[in-house]
Amino acid sequence: MKVCIVCPYGISSPGGVWNHIQNLSNEIKNKKIDHIIVFPTSNYNLKNNNYYQIGKPFKIRSAGSIANITISPFIGDKVKNFLSSYNPDLIHIHEPFAGSLPMFFIKYAKCKIVATFHSNNGTWLYKYKMSTLFKSLYNKIDYKIAVSSSAKNYINKHFKNNYVIIPNGINTEKFKSYTNTKNSKVVNLLCIGRNDNRKGLKYLIEALENYKFEFPLELTIIGHDYKGNKIDGIKIYNPGIVSEELKQQILVNSDILCAPSLGYESFGIILLEAMASNTVVIASNIEGYNEIISHDINGLLFEPKNPKSIYESINYIYKNKQHKDLIIKNGQNTLNNYDWNNISDKIIEVYKNLK
């Protein structure tokens, strides 16, 4: 079986979709499925020989974020030539209406198509009733997957159908190889995310600025360059965009992951990565996150846009060490539902049934 996986996003803007695709790629490679990943052209030095690039990406503002997608109407011939040369048995498209690249693949496909819908806010085109123009393309999709209930509910607003939920997953083994060097005298707080307003970093910063902690605390921000104020008494480390390996090491060495997003999160893979790192998760009580986090069981949920609620959550974890250990244990148990080995088997079963 030859599978073509299409990612609409440039690799220079890593996020949940890229995380999903790379993990899926690793799993199906281990299970001897021939595949290639197609995505917009990148300036990165790519060493992976199963990557193929088509179309220049542009940064498009969408749903409070920046989508790094290609919108060129002139890449159709390149897509046709690629399909003719690679001749896949099946195409698996992620976010099928995010830019022109996935839509050309649907248009010119002569094989079965699987689509995975990741977003709970979708491409900005939906908001302008453009979904009616997508209908003919949508009807060519043979099997439709959503990564969560919130993603399913969102796409159902525009295309009513039966969507099968196959969630994001995590490879827990990766996190077991890192050495834990946590400093028991300092609470290591971590925030991960692109420099988008919807990630809610400003509310975490306000919590640290406006409330006093009775214990030493350090904050690490990864995913973007932090240009904000210094905070009295709190060291801020900002390595920017880091490799996957360094991100995993930082997670293992953190006590608390704070995810203060304001909304539009369909899943929250970083929450699972924190659990795999034995790091406590505190997160906004929003769709996507509250499908993974059960409050005070495998993490804490706080009120979005509420610095005081963030402050109280951090304090609670520090002052209740026994319960903190229970939350970590429950987080480990949660991961059983998101093991990539099992999730990839479900996706491969879809492939086999369509072929």
Side-chain angles (χ1 to χ4, degrees), residues 13-16 19 64-66 170 175 182-183 186-211 213 215-265 267-286 288-290 292-293 298-318 324 327-328 331:
S13 298
N19 184 292
S65 183
I66 300 294
I170 185 168
F175 295 86
K182 292 177 182 175
N183 183 348
V186 178
V187 173
N188 295 287
L189 185 63
L190 174 63
C191 187
I192 299 176
R194 294 187 298 271
N195 188 20
D196 299 330
N197 290 335
R198 71 181 179 90
K199 292 299 181 181
L201 176 62
K202 65 172 287 189
Y203 298 100
L204 170 58
I205 296 298
E206 287 180 16
L208 302 182
E209 287 177 329
N210 298 338
Y211 298 94
F213 294 87
F215 47 87
L217 188 149
E218 295 178 355
L219 171 64
T220 300
I221 302 168
I222 63 177
H224 72 275
D225 292 329
Y226 174 67
K227 305 295 185 182
N229 298 328
K230 295 181 179 179
I231 304 173
D232 289 344
I234 297 177
K235 291 183 179 179
I236 298 179
Y237 300 96
N238 180 218
I241 296 175
V242 300
S243 67
E244 194 67 17
E245 292 75 20
L246 181 54
K247 182 189 76 174
Q248 291 165 0
Q249 180 68 73
I250 293 171
L251 270 165
V252 169
N253 290 331
S254 299
D255 296 293
I256 300 172
L257 171 78
C258 180
S261 294
L262 311 184
Y264 307 134
E265 301 287 351
F267 192 80
I269 189 69
I270 191 61
L271 310 184
L272 298 181
E273 292 181 334
M275 291 178 189
S277 306
N278 291 322
T279 296
V280 176
V281 177
I282 65 172
S284 298
N285 188 3
I286 57 173
Y289 286 178
N290 57 22
I292 299 172
I293 301 295
N298 62 351
L300 297 184
L301 293 171
F302 52 77
E303 183 181 348
K305 300 183 181 181
N306 189 328
K308 184 178 181 182
S309 187
I310 297 174
Y311 163 77
E312 290 172 346
S313 297
I314 297 170
N315 254 336
Y316 181 86
I317 294 301
Y318 177 79
K324 170 187 174 182
I327 288 174
I328 290 172

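Note that the structure is predicted; figures quoted are calculated from it, not measured. We use all heavy atoms of the structure for the numbers below, so side chains are in, but hydrogens, waters and symmetry mates are not.
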Within a strict 4.5 Å, meaning less than it, do heavy atoms of the [X] and [Y] side chains meet?
X: Phe267; Y: Leu272; value: yes
X: Val186; Y: Leu217; value: no
X: Val280; Y: Leu257; value: no
X: Ile222; Y: Ile241; value: no
X: Ile236; Y: Ile221; value: yes

All pairs passing side-chain hydrogen bond (donor to acceptor under 3.5 Å, both in side chains) where residues 218-244 contributes a residue, at least two apart: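 Non-adjacent pairs meeting side-chain hydrogen bond (donor to acceptor under 3.5 Å, both in side chains): Glu244-Lys247.
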Residues forming a side chain to side chain contact (heavy atoms under 4.5 Å, CB included) with Tyr203, sequence neighbours excluded: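 Testing Tyr203 for side chain to side chain contact (heavy atoms under 4.5 Å, CB included), a comparison that skips the adjacent residues, returns Glu206, Leu262, Lys305, Pro307, Ile310.
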Partner set under side chain to side chain contact (heavy atoms under 4.5 Å, CB included) for Asn298, not counting sequence neighbours: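 Side chain to side chain contact (heavy atoms under 4.5 Å, CB included) list for Asn298, sorted by chain: Met275, Ile293, Ser294, Asn330, Thr334.
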Full working for side-chain contact (heavy atoms from CB on, under 4.5 Å) between Asn188 and Ile256: CA-CA 6 Å; Asn188 295 287; Ile256 300 172; over 6 Å; no
Please give me the minimum heavy-atom distance between [X] and [Y], naming the atom from each residue.
X: Leu189; Y: Cys258; value: CD1-CB, 4.1 Å
X: Ile192; Y: Leu190; value: CD1-CD2, 3.7 Å
X: Gly268; Y: Ile292; value: O-CD1, 3.7 Å
X: Pro260; Y: Ser284; value: C-OG, 3.1 Å

Could you grab the distance from atom [atom1] of [X] to atom [atom2] of [Y], nearest 0.5 Å is fine?
X: Ile282; Y: Ser313; atom1: CD1; atom2: OG; value: 5.0 Å
X: Asn197; Y: Lys202; atom1: CG; atom2: NZ; value: 8.0 Å
X: Glu312; Y: Phe302; atom1: CD; atom2: CZ; value: 11.5 Å
X: Asn278; Y: Ile328; atom1: CG; atom2: CD1; value: 5.5 Å
X: Ile314; Y: Asp255; atom1: CD1; atom2: CG; value: 11.0 Å
X: Thr279; Y: Ile327; atom1: OG1; atom2: CD1; value: 12.5 Å

Evaluation steps, side-chain contact (heavy atoms from CB on, under 4.5 Å), between Ile205 and Leu219: CA-CA 10 Å; Ile205 296 298; Leu219 171 64; 3.9 Å; yes
Heavy-atom donor-acceptor pair, Ser309 side chain to Glu303 backbone, under 3.5 Å: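 Flag set: sc Ser309 to bb Glu303 pair under 3.5 Å.
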Side-chain donor-acceptor pair present, Tyr289, Asn285, cut-off under 3.5 Å: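 No, no side-chain donor-acceptor pair sits under 3.5 Å.
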Centroid separation Tyr318 to Phe213 less than 6.0 Å: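 No, ring centres 6.0 Å or more apart.
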